[in-house]
Structure formats: C-alpha cells, structure tokens
Protein chains: 2
Amino acid sequence: MKKEKSQLTDICQLQLQGVKDTQDLLSGKWKTVIVAALYYNGKFRFMNLSRHIEGIAPKVLSKELKDLEMNQLVKRTVIDTMPITVEYELTSQGKSLNKVIEAMGEWGVNYRKSILKK
Amino acid sequence: MKKEKSQLTDICQLQLQGVKDTQDLLSGKWKTVIVAALYYNGKFRFMNLSRHIEGIAPKVLSKELKDLEMNQLVKRTVIDTMPITVEYELTSQGKSLNKVIEAMGEWGVNYRKSILKK
DNA sequence: GATGCTACTTACCAAAACGAAACTACTTAC
DNA sequence: GTAAGTAGTTTCGTTTTGGTAAGTAGCATC
C-alpha cells in the first residue's frame, strides 16, 4: 500500500515556496497596507503617509519602511528643501507586486460584502 | 495653498481597506502557506498537511486551522474510520483566494530569480 | 503488553511585534 | 521666544506569536 504522501508536483512545490517567500517579505500587520498605499498613490512623504494609514505609530512606520527598503521594494529619497522632506515610492520590484495588491484588495472588498449579506 | 492630503479617491480607500482585511485574515507566518497547500492539493489530512509544510509544529498548525475555519476559509471534516481521520479543505470562500495565492506564488518565484541574478 | 498510528492538547518559555509617550534637531512663522 | 511643521528616534512596557517537549485517548498490530 502506497503511503499517502507528496501529491504535490514539483511545480506546485515551487509555487508554494513562492507564496512563503512573498509572505515573509510582507510579514507583519502593516507592510501590505504600506505597499498598497504607495501603489495607489505613487509617492508619499513620511507624515502624509502616516496620516493615510490609520493607527500606525511613527516608530512602526519607520521600521516597516526600512524593512521594505532593505528588500528593495521601496525607494527613499531625501529632498533638500527647508525643512527637509523625504519621499517614499515603490521601486520597480515593488511595483511588480501590483497583481498581489489588486487581488488582495478585490478579495477583501468581496469578502466584506459576503459577510454583510448574512 | 492646498494642504497635501488625501490624494486617494474613495475607490482607492476601499481597495486599501480590502487589502487590510485580507492581510488580517491571513495574518501570521503560516496561514497563506496552509491555504496555498490546500489550494494546490484539494484535501489534506492533518498529519499529511503537517508533513508538507516544513517546520510547522502541530500546536501551531492546529491553531491556524481553527482560525481559518472560524473565518470560513477552511472546512474540517471528521471521517469515522479507525483510527479517526480528519480532512481539511478550502471552502468556496477559501477557494476564491485563488488569485491572491497565484499572484503571491508567481511573484515569489520571480523575486527569487531576480535576487539570484545579481 | 509494548509500540505505533491518528489527531490533537497542555504547559511552559522565548522572541518578535506592537504601541504610547516623550524627545531630538532643524527651520519657519507669528 | 513660542509654537508648529519636518522626519524621525528613544524608552519602556504589553501583547501576540511561535516553538519545544511531552502528554492524551482510542484502536491495531506484533
């Protein structure tokens, strides 16, 4: 009798690893929301971004942006105005998350609808 | 002078909320991977699922499955064999995550490639 | 009757994530 | 000189999450 084991093909295993990697890079409560905000808006200054993401503390936003920058999903640009302003935007790598963000956005909206219907 | 504030349209705000909701439902290190495994394989028994998700402890798997069940993404079926077996599968609600899972899978695979190229 | 399989649970602990509040440093405006 | 806006950092503490190891309970096999 064959043991019920890996029904998963190699391609599925690869995709599964992909899901895991993506999850790891977007870990935590805020990263997807930050990426989504930058995706929908293009650019944001620190204060302006924090105003658009309800409930996030500056310390947390700062840390999350650093993480995203380290993984090359977000670009940070200091602009030499008075006072100094800093702009955040998605890198091309970050922009390539568009399908993920859009799928999550849509699914979330539909999920909410389907819950309310009951 | 206009204050640089909500450049985001109402539709974007809605999508953003959707992203947040999705993120909340799939929070933590394992939920997306569990959903993806069930998506690629259809059904899994507890032990078999735990074998396919490397590194997850039974306690954690149990808890994550309960969370997913509570949010109606996963269905749990007890089958009265000897010894008892339990099957887990996605609900239709869970299956509707297909776009999210596929987008994450693909992006992850591509990200890995692009990192290795350097 | 000891071992092993099923599907978990329990107890305990460590680490990471998150959060509130205050503070820094610079400049402009009043 | 006082307040307000820029972009954060620091401190401290709580909460959540994840992990290890062992235990449970029923049955089946050796």
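Numbered from 1 within each chain, the chains take letters A, B, ... in sequence-line order. Please read these numbers as outputs of a predicted model, since none were measured by experiment.
Between the side chain of A:Gln23 and the main chain of B:Gly28, a donor-acceptor pair closer than 3.5 Å is present. Using modelled atom types, one side-chain atom of A:Thr22 and one backbone atom of A:Gly18 make a donor-acceptor pair closer than 3.5 Å.
Using a 4.0 Å cut-off between charged nitrogen and carboxylate oxygen, B:Glu87 and B:Lys43 count as a salt-bridge pair.
The nearest whole Å value for the distance from the CG atom in B:Leu61 to the C1' atom in C:dC8 is 10 Å. Across the protein-nucleic acid pair, A:Gln23 atom CD and C:dA17 atom P stand 12 Å apart, rounded to whole Å. Spacing between atom CG of B:Leu26 and atom C1' of D:dT17 amounts to 16 Å, rounded to whole angstrom units. Distance CG (B:Asp67) to C1' (D:dT16): 12 Å, rounded to an integer number of Å. Taking atom CD1 on B:Ile79 and atom C1' on D:dC27, their separation rounds to 17 Å, with Å as the unit. Between the CH2 atom of A:Trp30 and the P atom of C:dC18 there is a distance of 9 Å, given to the nearest Å. As a whole-Å value, the separation of B:Phe44 CZ from C:dT6 P is 14 Å.
You'll find that the side chain of B:Val60 is closest to D:dG18, out of C:dA7, D:dG18, C:dT9. For B:Arg45, the listed nucleotide lying nearest its side chain is C:dA7; candidates were C:dA7, C:dG19, D:dT17. Nearest to the side chain of B:Lys29, among C:dC8, C:dT6, D:dG18, sits D:dG18. For B:Met47, whose side chain is taken as the heavy atoms from C-beta onward, the closest listed nucleotide among D:dT6, C:dT6, C:dG19 is C:dT6. When the nucleotides D:dG19, C:dC18, D:dT6 are ranked by their closest atom to the side chain of A:Arg51, D:dT6 comes out on top.
Nucleic acid contact class of B:Glu64 (heavy atoms, under 4.0 Å, all strands): sugar-phosphate only. Using a 4.0 Å heavy-atom cutoff across all strands shown, A:Ala57 reaches no nucleic acid atom at all. Among the protein residues, A:Lys66 comes within range of the sugar-phosphate backbone only, with heavy atoms under 4.0 Å from sugar or phosphate atoms but none that close to a base.
Toward the 5' end of DNA chain D, the nearer of the two residues A:Phe46 and B:Lys59, judged by each one's closest nucleotide, is A:Phe46.
The shortest distance between the side-chain N/O atoms of B:Ser62 and the OP1/OP2 oxygens of C:dT9 is below 4.0 Å.
With a cut-off of 3.5 Å on both pairing distances, the Watson-Crick or G-U wobble partner of C:dA29 is D:dT2.
A side-chain contact (heavy atoms from CB on, under 4.5 Å) with A:Leu68 is found for exactly one of A:Lys75, A:Lys31, A:Lys63, namely A:Lys31.
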